[in-house]
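Notes for the one structure printed next.
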Amino acid sequence: MISSMGHIMKKPKELKVKPIKNGTVIDHITANKSLNVLNILGLPSEKIKVTVAMNMQSSHMGSKDIVKIENRELESSEVDQIALIAPKATINIVRDYEIVGKGKVHLLNEVKGLLDCPNPNCITNALEPVVNRFYVIEKEPVILRCHYCERIMEEEEIESQF
Ligand SMILES: [Zn+2]
């Protein structure tokens, strides 16, 4: 066995994330929120390759998370949910190593059918078939108000649902 000091001194190889062939890259996720994003997407799941990078440097945001998902594109309802916890996120659709679509998540003024109202007495939590509905009061951080009971819902309560 030959031990070489030179080997020890060698500069460590940088661990680079390989580009994906087909799938979705979600960039500019609010730092440390990538696990909430995975929950929204029902990931991890068998056979779907996912790369998560947390607290990466970002010139715009200070730090951010990035999620790369192979062979999966997002539903619009998933994008709407991501907007609630990562309002600056960008969605890049990759096909054959090329970005073929790029968009920002967009939080509408009203959120329907995505969240449960935390007020147990709210009509949306009764047996009535009423779809939950919230008004967006603030976008960053997100603050919502229930259309039915006017209960205010802040960031932590929103995140706890994903
Ligand atoms: Zn309510």
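Remember, it's 1-based here, ligands and their atoms both numbered in the order they're listed. Side-chain atoms are counted along with the backbone in the values below, which use heavy atoms only and exclude waters and symmetry mates.
The shortest non-hydrogen separation linking Arg151 to Cys117 is CB-SG, 4.1 Å.
Here the Zn ion (ligand 1) is the vertex; the SG atom in Cys149 and the SG atom in Cys117 give an angle of 100° (to 10°). Centred on the Zn ion (ligand 1), the SG atom of Cys146 and the SG atom of Cys122 lie at an angle of 110°, reported to 10°.
In summary, His147 places no N/O/S atom under 2.8 Å from the Zn ion (ligand 1), failing the contact criterion.
With contacts defined as side-chain heavy-atom distances shorter than 4.5 Å, the pair Phe162/Leu114 does not qualify. Side-chain contact between Leu41 and Arg72: present, with at least one pair of heavy atoms (C-beta onward) separated by less than 4.5 Å.
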Kindly determine whether Glu73 and Arg95 satisfy salt bridge (Lys or Arg N to Asp or Glu O under 4.0 Å), including the steps that lead there. CA-CA 10 Å; Glu73 293 184 7; Arg95 287 187 199 141; 3.0 Å; yes
